[in-house]
Colleague: 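Below are the structure tokens for one structure; questions will follow.
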Amino acid sequence: MNRCEIEAYIENQYGVKAEYPFEMDDETAVFRQKSNGKWFAIIMRISKRRLHIDSDEEIDVMNVKCDPILIGSLLLDTGFYPAYHMNKTHWITVSPDADEDKVKMLIDMSFSLTALKRKKAIK
């Protein structure tokens, strides 16, 4: 999925639009939970070298929060990398050549993992 497709998916599914919170950087888009302000996705433009790929080409990648149990197996698939510039235990980086269904699943998971937690009722 490319940047535009990801942004459209997030807006259609969750009604969340991209924010550009960094001065002097109009390419890094952050997607936040409306209820608590937590980030559930960030799209940024980086050099492939940052992913340990031998190329100076720049690509759009997305970081999403992920269940740590899944990260190891996802890293075996094309388009998935240890989180760039985030906690590698709980986040994963996704490149445009990743499987579209998995990308959507990860966006949904990240949205869920960053949502407000409901407190259990006291009996």
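All values below were derived from every heavy atom in this structure, side-chain atoms included, with hydrogens, water molecules and symmetry-related copies excluded. In this text the structure is predicted, and so the values were computed from the model without any measurement.
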Colleague: Should Ile107 and Tyr14 count as side-chain neighbours, where that means a heavy-atom distance under 4.5 Å?
Modeller: yes

Colleague: At what distance, to the nearest 0.5 angstrom, does CD1 of Ile92 lie from CG of Leu75?
Modeller: 4.5 Å

Colleague: Does any non-hydrogen side-chain atom of Val103 lie less than 4.5 Å from one of Met62?
Modeller: yes

Colleague: Check the pair Glu7 / Ile43 against side chain to side chain contact (heavy atoms under 4.5 Å, CB included), numbers first and verdict last.
Modeller: CA-CA 9 Å; Glu7 289 183 10; Ile43 299 175; 4.2 Å; yes

Colleague: Are there over 12 heavy-atom neighbours, none belonging to Lys88, within less than 6.0 Å of that residue's NZ?
Modeller: yes

Colleague: Do the non-hydrogen side-chain atoms of Phe80 and Val94 ever get within less than 4.5 Å of each other?
Modeller: yes

Colleague: Should Phe40 and Ile10 count as side-chain neighbours, where that means a heavy-atom distance under 4.5 Å?
Modeller: yes

Colleague: Do Glu11 and Val16 come close enough that some side-chain heavy atom pair is under 4.5 Å?
Modeller: no

Colleague: At what distance, to the nearest 0.5 angstrom, does NE2 of His90 lie from CG of Asn63?
Modeller: 14.0 Å

Colleague: Are side-chain heavy atoms of Ile42 and Thr28 found at a separation under 4.5 Å?
Modeller: yes

Colleague: Taking it one step at a time, do Asp56 and Lys48 satisfy salt bridge (Lys or Arg N to Asp or Glu O under 4.0 Å)?
Modeller: CA-CA 6 Å; Asp56 289 324; Lys48 285 185 173 182; over 6 Å; no

Colleague: Report yes if some heavy atom in the side chain of Met1 is under 4.5 Å from a heavy atom in the side chain of Lys104; otherwise report no.
Modeller: yes

Colleague: Can you name the residues that form a side chain to side chain contact (heavy atoms under 4.5 Å, CB included) with Leu70, not counting sequence neighbours?
Modeller: Cys66, Asp67, Leu74, Met109

Colleague: Determine whether Tyr81 and Ile53 make a side-chain contact, defined as any pair of heavy atoms from C-beta on separated by less than 4.5 Å.
Modeller: yes

